[in-house]
Visitor: 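Handing you a structure now.
Model, not experiment: these values are computed from the prediction. When a ligand or atom number is given, it counts from 1 through the structure's own listing order.
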Amino acid sequence: MTMNPKPSEHLLHALHAHQQQHRFISDQAICDIASRLNLPRAQVEAVTEFYSFFHRNPRGRFDILFSNCTSCGAIPLMNKLCEKLQVKAGETRADGLISIAETSCIGMCDHGASALVNSLTVTSLSEAMIEEMASLIEAETPVSEWPNSWFQIGNNIRKEGLLLSDSFEPGAALKAIAGRSSDEILDEITASGLKGRGGAGFATGLKWKFCRDAASDQRYVVCNADEGEPGTFKDRILLNSHADTLFEGMTICAQTIGATRGYLYLRGEYRYMLDALESTLQSRREAGLLGSDILASGHNFDIAIVVGAGAYICGEESALIESIEEKPGTPRIRPPFPVTSGLWGKPTVVNNVETLVAAARIALHGHQWFESSGTWQSKGSKLLSVSGDCARPGIYEYPFGITVQQVLDDAGAEDVQAVQIGGPAGRLIGTDHFTHHIAFEDLATGGSFMIFNHSRDLLEVVRNFTHFFAHESCGFCTPCRVGTTLLKNGLDKVCGGHGTAHDIDELKATAALVSRRSHCGLGMTAPNAIRDALKAFPHLFETRLLHQEMEPEFNLDASLQEARDLTHRDDAEAHL
Ligand SMILES: Cc1cc2nc3c(=O)[nH]c(=O)nc-3n(C[C@H](O)[C@H](O)[C@H](O)COP(=O)(O)O)c2cc1C
Ligand code: SF4
């Protein structure tokens with residue numbers, strides 16, 4: 001007997017299906033879907049308005065979203081296609097054939113310029129492909145008949161370490177923990193020193209223990225596969241080639257905390273993997289690795305997949321939970337925290353994909369195998385998604401403690417001006433910090449490692465990040481909703497050559513306010529790139545000002561410490 005926890009039909013899935021068929025969500029569709037799913041009409045409308053992949057006005061029969069990321073962005077190619085097809089970006093052509101727009105990073109940074117065509121991912125775009133694409137669209141050739149090679153997405157694994165080099169037999173980790181108590185499994189995970197790989201780095205064993213010990217008749221395991229931080233694509237590789245290990249990690253977590261249901265929240269941009277993931281789940285059910293009485297352990301557990309719809313904020317764990325609950329992805333007021341009150345108010349573990357893959361491997365090989373790699377505060381390995389100006393973009397797995405310079409050397413990066421560690425929410429560092437280490441105690445990263453050489457206008461890069469946050473702010477709290485737009489406008493003014501020293505002071509004041517007063521991690525980290533650039537690269541701003549000079553001030557170490565303090569404060573608050 002299987003016990004698939006899939007709810008009748010998830011609202012996000014119903015809206016996606018409708019959007020695919022009718023190209024938009026009309027008032028009537030909202031009423032119909034609300035009535036079919038037995039949800040309030042206002043909820044369906046709010047969800048439709050919240051997620052950027054749903055539209056209230058008709059999109060074209062060919063709907064193309066070009067990434068605007070600094071690594072997989074394709075804006076010049078988007079403009080070329082717009083020109084060829086006589087349509088403005090952000091609009092639908094009068095005959096309804098085509099609509100073209102920008103979207104935030106789609107996680108294809110190792111593949112160059114990329115876009116979503118009717119939700120399917122096309123990578124390595126070139127001028128020649130754009131010419132051909134325009135002809136295919138004008139001829140109304142269905143996307144299913146477009147060249148197959150356009151839709152191939154390789155893994156680009158450049159360096160394998162603890163996780164990637166290890167082969168995995170489905171069920172092996174579950175068999176390894178057979179007969180062990182919840183305490184014994186917790187001890188193993190805790191002793192390994194595993195910390196969350198989604199960014200904040202909270203101790204995984206402790207998170208599982210908090211959840212297990214919270215009084216409740218039901219608990220949940222949620223895998224965060226939202227991977228929306230620009231420049232991050234390491235979870236994509238794990239989902240593509242290590243899904244069995246991931247699902248096994250979720251199952252082990254469930255057995256440890258006493259959960260019978262789990263959810264994989266997959267970002268909408270990774271929809272192309274959905275069928276393969278569903279089929280892996282089905283194989284596991286058939287092999288007795290999911291469902292009732294898993295491997296005769298007496299434990300029942302199954303996993304459902306919920307696919308997001310283009311909202312970076314849904315990577316934040318409480319927003320993700322709201323999204324699974326078929327609501328707009330607005331971060332919750334905390335406390336209570338997910339480990340005590342998560343999905344439908346029940347204790348919930350939310351872990352990143354890489355964390356759960358590592359947990360399965362630790363269960364299989366034991367804690368010593370894991371903790372023998374890395375540094376004293378950062379055990380094990382880290383998958384880095386390396387992109388930008390280098391000869392060999394792709395996935396690099398290192399023991400924690402590797403220096404930035406070593407990664408740059410391995411990736412074939414030359415003439416490097418700066419590296420953005422941890423995506424736009426992370427840190428922008430210059431050459432004097434390339435001896436620093438990738439580790440929770442030094443340069444922490446969820447996985448993004450973006451390289452910029454001297455051919456780049458670094459201020460344009462920072463401007464891109466600032467636009468990203470203004471676009472992705474969910475609007476729930478004023479400091480972030482208004483502040484990210486003020487930062488965007490201020491930087492636009494400076495980049496446009498109209499700024500003065502006063503505008504720089506305003507940028508600094510606004511950045512401080514947004515990072516200190518915002519409700520969630522998005523706002524708290526949104527000004528990081530501007531602040532780092534102002535400190536480490538003041539000349540970038542100075543040369544654009546109308547007439548005044550700025551006071552140079554630079555202490556990146558103090559700034560990194562401040563960021564770590566903020567992260568730890570957030571983390572401690574989140575779990576105490
Ligand atoms: C704006 C924002 C976006 C986030 N996006 C992700 C994400 O895409 N994937 C992820 O695992 N964690 C993301 N996080 C962190 C999650 O809130 C959470 O800490 C993490 O999923 C916990 O898993 P871990 O303990 O395994 O790291 C994000 C946080 C914020 C504030
Ligand atoms: S900080 Fe930004 S993203 Fe977070 S709740 Fe406030 S408005 Fe929303």
Visitor: Tell me whether Arg261 is salt-bridged to Asp302, with the criterion being a basic N under 4.0 Å from an acidic carboxylate O.
Guide: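 Answer for the salt bridge query: no.
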
Visitor: Kindly say whether the aromatic ring centers of Phe440 and Phe400 come within a distance under 6.0 Å.
Guide: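 They qualify: ring centres under 6.0 Å apart.
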
Visitor: Are any of the N or O atoms of Gly198 closer than 3.5 Å to those of ligand 1?
Guide: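 Looking only at distances, the answer is yes, because the N/O contact criterion of under 3.5 Å is met.
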
Visitor: With distance as the sole test, does Ser378 use its side chain to make a donor-acceptor pair with the main-chain N or O of Gly374 at under 3.5 Å?
Guide: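 No; zero donor-acceptor contacts below 3.5 Å.
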
Visitor: Identify the two heavy atoms, one from Cys314 and one from Phe50, that lie closest to each other, and give their separation to 0.1 Å.
Guide: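 For Cys314 versus Phe50, the nearest heavy atoms are SG-CE2, 4.5 Å.
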
Visitor: In the protein, which heavy atom is nearest to atom 4 (Fe) of ligand 2, and how far is it?
Guide: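 Nearest protein contact, heavy atoms only, for atom 4 (Fe) of ligand 2 is Cys520 SG, 2.3 Å.
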
Visitor: So which heavy atom in the protein is nearest atom 16 (C) of ligand 1, and how far is it from that ligand atom?
Guide: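 It is Gly315 O, 3.4 Å.
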
Visitor: Using 2.8 Å as the threshold, say whether any N, O or S atom from Cys480 sits that close to atom 2 (Fe) of ligand 2.
Guide: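 Within the cut-off used here (under 2.8 Å), Cys480 does place an N, O or S atom near atom 2 (Fe) of ligand 2.
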
Visitor: Looking at Phe468 versus Tyr312, is the centre-to-centre ring distance below 6.0 Å?
Guide: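 Yes, close enough.
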
Visitor: Among all the protein's non-hydrogen atoms, which is closest to atom 20 (C) of ligand 1, and how far away is it?
Guide: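 Protein heavy atom with the smallest distance to atom 20 (C) of ligand 1: Asn224 ND2, 4.2 Å.
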
Visitor: Under 4.0 Å from any heavy atom of Gly475, which atoms of ligand 2 are there?
Guide: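 Listed by number with element, the hits are 7 (S), 8 (Fe).
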
Visitor: Relative to the heavy atoms of Asp226, which atoms of ligand 1 are at a distance of less than 4.0 Å?
Guide: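 That gives atoms 8 (O) of ligand 1.
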
Visitor: Closer than 4.0 Å to some heavy atom of Gly523 - which atoms of ligand 2 meet that?
Guide: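 Near Gly523, the atoms of ligand 2 are 1 (S).
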
Visitor: Just go through Glu472, Glu317, Lys207, Arg267 and tell me whose heavy atom is the nearest to atom 25 (O) of ligand 1.
Guide: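 That would be Lys207.
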
Visitor: Within 45 degrees of the axis of the six-membered ring of Tyr270 and under 6.0 Å from its centre: does Arg267 put its NZ or CZ there?
Guide: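 Judged by the rule (NZ or CZ under 6.0 Å from the ring centre, within 45° of its axis), Arg267 counts as positioned above Tyr270.
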
Visitor: Of the protein's non-hydrogen atoms, which lies at the shortest distance from atom 29 (C) of ligand 1, and what is that distance?
Guide: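 Here the nearest protein heavy atom works out to Glu316 CA, 3.7 Å.
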
Visitor: Is the ring centre of Phe476 less than 6.0 Å from the ring centre of His519?
Guide: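 Close enough - the centres of the two rings lie under 6.0 Å apart.
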
Visitor: Under 4.0 Å from a heavy atom of Ile313: give me the atoms of ligand 2 that qualify, with their elements.
Guide: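 Numbered from 1, ligand 2 contributes 3 (S).
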
Visitor: If the threshold is 4.0 Å, N to carboxylate O, is there a salt bridge linking Arg212 and Asp183?
Guide: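 Counted as a salt bridge, because a side-chain N and a carboxylate O are separated by less than 4.0 Å.
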
Visitor: Hey, does Gly228 sit under 4.0 Å from ligand 1 if you only count heavy atoms?
Guide: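 Judged by the 4.0 Å heavy-atom criterion, Gly228 does count as contacting ligand 1.
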
Visitor: Please work out which of the three classes, parallel, tilted or perpendicular, describes the rings of His13 and His10, given edges at 30° and 60°.
Guide: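 His10 vs His13 ring planes: tilted.
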
Visitor: Checking the side chain of Lys234 only, and the main-chain atoms of Glu227 only, is there a donor and an acceptor separated by less than 3.5 Å?
Guide: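 Absent.
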
Visitor: Would you call Arg284-Glu248 a salt bridge at under 4.0 Å N-O?
Guide: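 Counted as a salt bridge, because a side-chain N and a carboxylate O are separated by less than 4.0 Å.
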
Visitor: Does Asn352 approach ligand 1 within less than 4.0 angstrom via side chain, backbone, both or neither, non-hydrogen atoms only?
Guide: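 Both backbone and side chain.
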
Visitor: Just jot down the ligand 1 atoms closer than 4.0 angstrom to any heavy atom of Gly521, in number order.
Guide: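 The list of qualifying atoms is 31 (C).
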
Visitor: For atom 26 (O) of ligand 1, grab the closest protein heavy atom and report residue, atom and distance to one decimal in Å.
Guide: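 I find the closest protein heavy atom is Thr355 OG1, 2.7 Å.
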
Visitor: Got the closest protein heavy atom to atom 6 (Fe) of ligand 2, with its distance?
Guide: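 So the nearest neighbour among protein heavy atoms is Cys477 SG, 2.3 Å.
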
Visitor: Looking at Glu322 and Arg332, does any basic side-chain N land under 4.0 Å from a carboxylate oxygen?
Guide: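 Salt bridge present between Glu322 and Arg332.
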
Visitor: Suppose we measure from atom 5 (S) of ligand 2 to each protein heavy atom; which comes out shortest, and what is that distance?
Guide: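 Result for atom 5 (S) of ligand 2: His519 CD2, 3.4 Å.
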
Visitor: Identify, by atom number and element, the atoms of ligand 2 in contact range of Ser518, meaning under 4.0 Å from any of its heavy atoms.
Guide: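 Listed by number with element, the hits are 1 (S).
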
Visitor: Under 4.0 Å from a heavy atom of Tyr312: which atoms of ligand 1 are those, numbered in the order shown and with their elements?
Guide: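 Once the distances to Tyr312 are compared, the set is 1 (C).
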
Visitor: Can you sort out which atoms of ligand 2 are near Ser473, meaning under 4.0 Å from one of its heavy atoms?
Guide: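 Here the atoms of ligand 2 in question are 2 (Fe), 7 (S).
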
Visitor: Would you say the side chains of Ser318 and Glu316 form a donor-acceptor pair under 3.5 Å?
Guide: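 On atom types as modelled, these side chains qualify, holding a pair under 3.5 Å.
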
Visitor: Based purely on interatomic distance, does Gly201 place a nitrogen or oxygen under 3.5 Å from a nitrogen or oxygen of ligand 1?
Guide: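 By distance alone, the answer is no.
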
Visitor: Provide the number and element of each atom of ligand 2 under 4.0 Å from a heavy atom of Phe476.
Guide: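 In order of number, 5 (S), 7 (S), 8 (Fe).
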
Visitor: Please check if the side chain of Glu371 supplies one atom and the backbone of Ser192 the other of a donor-acceptor pair under 3.5 Å.
Guide: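 Here the side-chain-to-backbone pair does not exist.
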
Visitor: Write out the residue and atom name of the closest protein heavy atom to atom 8 (Fe) of ligand 2, then the distance separating them to 0.1 Å.
Guide: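 The protein heavy atom lying closest is Cys474 SG, 2.4 Å.
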
Visitor: Is Glu229 near ligand 1, meaning one of its heavy atoms is under 4.0 Å from it?
Guide: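 Outside the 4.0 Å threshold, so no.
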
Visitor: Report the part of Pro331 in contact with ligand 2, treating N, CA, C, O as backbone and CB onward as side chain, heavy atoms under 4.0 Å; options are side chain, backbone, both, neither.
Guide: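 Near ligand 2, Pro331 shows its side chain, while the N, CA, C and O stay back.
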
Visitor: Which bit of Glu227 gets closer than 4.0 Å to ligand 1, counting heavy atoms only: side chain, backbone, both or neither?
Guide: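 Just the backbone.
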
Visitor: Consider side-chain contact (heavy atoms from CB on, under 4.5 Å). Of Val339, Asn351, Asp213, which one does Trp208 pass it with?
Guide: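 Testing each of Val339, Asn351, Asp213 against Trp208, the sole residue satisfying side-chain contact (heavy atoms from CB on, under 4.5 Å) is Asn351.
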
